[in-house]
Amino acid sequence: MPTSRELIDAIEQGIGQAVRPSISTSTAACDSYEVFVFSLVVEAARRVGADITFQNISGVFSGLFTFRTGPGDIFSVTHPYTYARLGFPGHRPLETHIGVYATGVSGVRHECDVAVINFEEAENCRRQRVHPRCSEIGLAAECKFYSSRIGIDLGRSFLGLVKEIHQGGRFFVTNSASPTLEKLLAHHSVRWQRQLIPRNADLVNRLRSLFEEVFQNYLALR
């Protein structure tokens, strides 16, 4: 189990010290964990050549981050929620969000812990007050932070979610481990990473490289 201080140090390394006071040692570990994975996605985009800027829902970033601690609407203005703008030269920009709802293929609303969304889609959702369509989400990570071994039911739920928001670029990420769950996800060829904590540098680098691959494929296909 990583300490809150370890998670915060890793987040600051990825996106800067302005994460405080939004993230502190008193923040719930599950919320800090989502921000940690968010920072890895941002780092991966930067390594592939993206120009990273941060914005709040109002369009003005004050220099202090505000992260969701529960699922919400991308168009919500309740708080100045912060997201990352990923600008790739010669390509349409993308946005990375924490804890936003998306519409699955069935039309049902689902939560994405960390999601990379097409910029035009995100802008339209803010204007029209609707949820992003799953087809416009290029990368999504389900983040599970537990103090004990995770159950097989989480894997089954994730497989259902993958069917709803398409399999490509979807990741199941956890600080814990479960051989049965891992067998289930591997059988269905779902991308997953267990025991992802800052001190496991090799695993952190592995997941970040997989995120980089998603961005590289985006650039190649667009």
- Item | Steps toward side chain to side chain contact (heavy atoms under 4.5 Å, CB included) verdict (S76, I57) | CA-CA 8 Å; S76 173; I57 195 67; over 6 Å; no

- Task: Any chance you could lay out the side chain to side chain contact (heavy atoms under 4.5 Å, CB included) test for H131 and D73, step after step, and finish with the verdict?
- Result: CA-CA 7 Å; H131 303 302; D73 304 322; 2.9 Å; yes

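Applying the salt bridge (Lys or Arg N to Asp or Glu O under 4.0 Å) test to D51 and every residue at least two apart in sequence or in another chain returns nothing. Listed by chain and number, the residues in a salt bridge (Lys or Arg N to Asp or Glu O under 4.0 Å) with D202 amount to none (sequence neighbours excluded). Among residues two or more places apart in sequence or in another chain, the salt bridge (Lys or Arg N to Asp or Glu O under 4.0 Å) test is passed with E95 by R85, R126.
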Show which side-chain atoms of residues 35-48 pair as donor or acceptor with protein atoms under 3.5 Å away, not counting sequence neighbours.
| from | atom 1 | to | atom 2 | distance (Å) |
| --- | --- | --- | --- | --- |
| S39 | OG | F36 | O | 2.5 |

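I11 and S32 make their closest contact through CD1-O, 3.5 Å (heavy atoms, listed as atom of the first residue, atom of the second, distance). Taking all atoms of both residues into account, the shortest heavy-atom contact from I152 to L181 is CD1-CA, 3.6 Å. Closest approach of A115 to V100, counting heavy atoms only: CB-CG2, 4.4 Å. Shortest non-hydrogen contact noted between I150 and F172 is CD1-CE2, 3.9 Å. Nearest heavy-atom pair, P132 versus I117, reported as atom, atom and distance to 0.1 Å: CG-CD1, 3.9 Å. Taking both residues in full, the closest heavy atoms of V114 and C143 are given as CG2-SG, 4.0 Å, listed atom of the first, atom of the second, then distance.
Environment of CD in E123: crowded, with over 12 heavy atoms of neighbouring residues, nucleotides or ligands closer than 6.0 Å.
From Q193, atom CD reaches atom CD of Q195 across 8.5 Å, with rounding to the nearest 0.5 Å. Expressed to the nearest 0.5 Å, how far OH of Y218 lies from CG of L94 amounts to 4.0 Å. To the nearest 0.5 Å, the span separating CZ on R109 from OH on Y101 amounts to 4.0 Å. With rounding to the nearest 0.5 angstrom, the CZ atom of F61 is 10.0 Å from the OG1 atom of T53.
Contact check for E6 versus D9: no side-chain heavy atoms found under the 4.5 Å cut-off. Proximity of H97 to Y83: side-chain heavy atoms (C-beta onward) are separated by under 4.5 Å at one or more points. For the pair I197/L7, no side-chain contact is recorded, criterion being any heavy-atom separation below 4.5 Å from C-beta on. Side chains of T103 and V108 form no contact here, defined as non-hydrogen atoms less than 4.5 Å apart. With a 4.5 Å cut-off on side-chain heavy atoms, Y81 and I98 do not count as touching. Looking at heavy atoms from C-beta onward, F211 lies in side-chain contact with L207 at the 4.5 angstrom threshold. Counting heavy atoms from C-beta outward, I137 and R170 have side chains that approach closer than 4.5 Å.
Taking hydrophobic clusters as Ile, Leu, Val, Met, Phe, Trp and Tyr residues chained together by side-chain heavy-atom distances below 4.5 Å, F88 shares a cluster with V116. Connection of Y33 to L203 is not established within any shared hydrophobic cluster, with ILVMFWY side chains joined at heavy-atom distances below 4.5 Å, either directly or through further cluster members. L196 is connected to I8 through a chain of hydrophobic side-chain contacts under 4.5 Å among Ile, Leu, Val, Met, Phe, Trp and Tyr, so both are in one cluster. Under a hydrophobic-cluster definition in which Ile, Leu, Val, Met, Phe, Trp and Tyr are linked whenever side-chain heavy atoms come within less than 4.5 Å, directly or via other members, L161 and V190 are assigned to the same cluster. Placement of V214 and V173 within a single hydrophobic cluster is found when ILVMFWY residues are connected by side-chain heavy-atom separations under 4.5 Å, directly or transitively.
Under 3.5 Å, the side chains of S176 and T174 contain no donor-acceptor pair of N or O atoms.
For residues 131-145, the set of pairs meeting the salt bridge (charged side-chain N to carboxylate O under 4.0 Å, His left out) definition, not counting sequence neighbours, comprises E121-R133, E142-K144. Note on residues 175-189: pairs passing salt bridge (charged side-chain N to carboxylate O under 4.0 Å, His left out), not counting sequence neighbours, are E182-R194.
For T66 (side chain) and T82 (main-chain N/O), no donor-acceptor pair under 3.5 Å exists by modelled atom type. Within the 3.5 Å criterion, the main-chain N or O of Y146 finds a donor-acceptor partner in the side chain of N175. The backbone N or O of L219 lies less than 3.5 Å from a partner atom in the side chain of H91, making a donor-acceptor pair.
Contact check on R191 versus E213 returns a salt bridge, with a Lys/Arg side-chain nitrogen under 4.0 Å from an Asp/Glu carboxylate oxygen.
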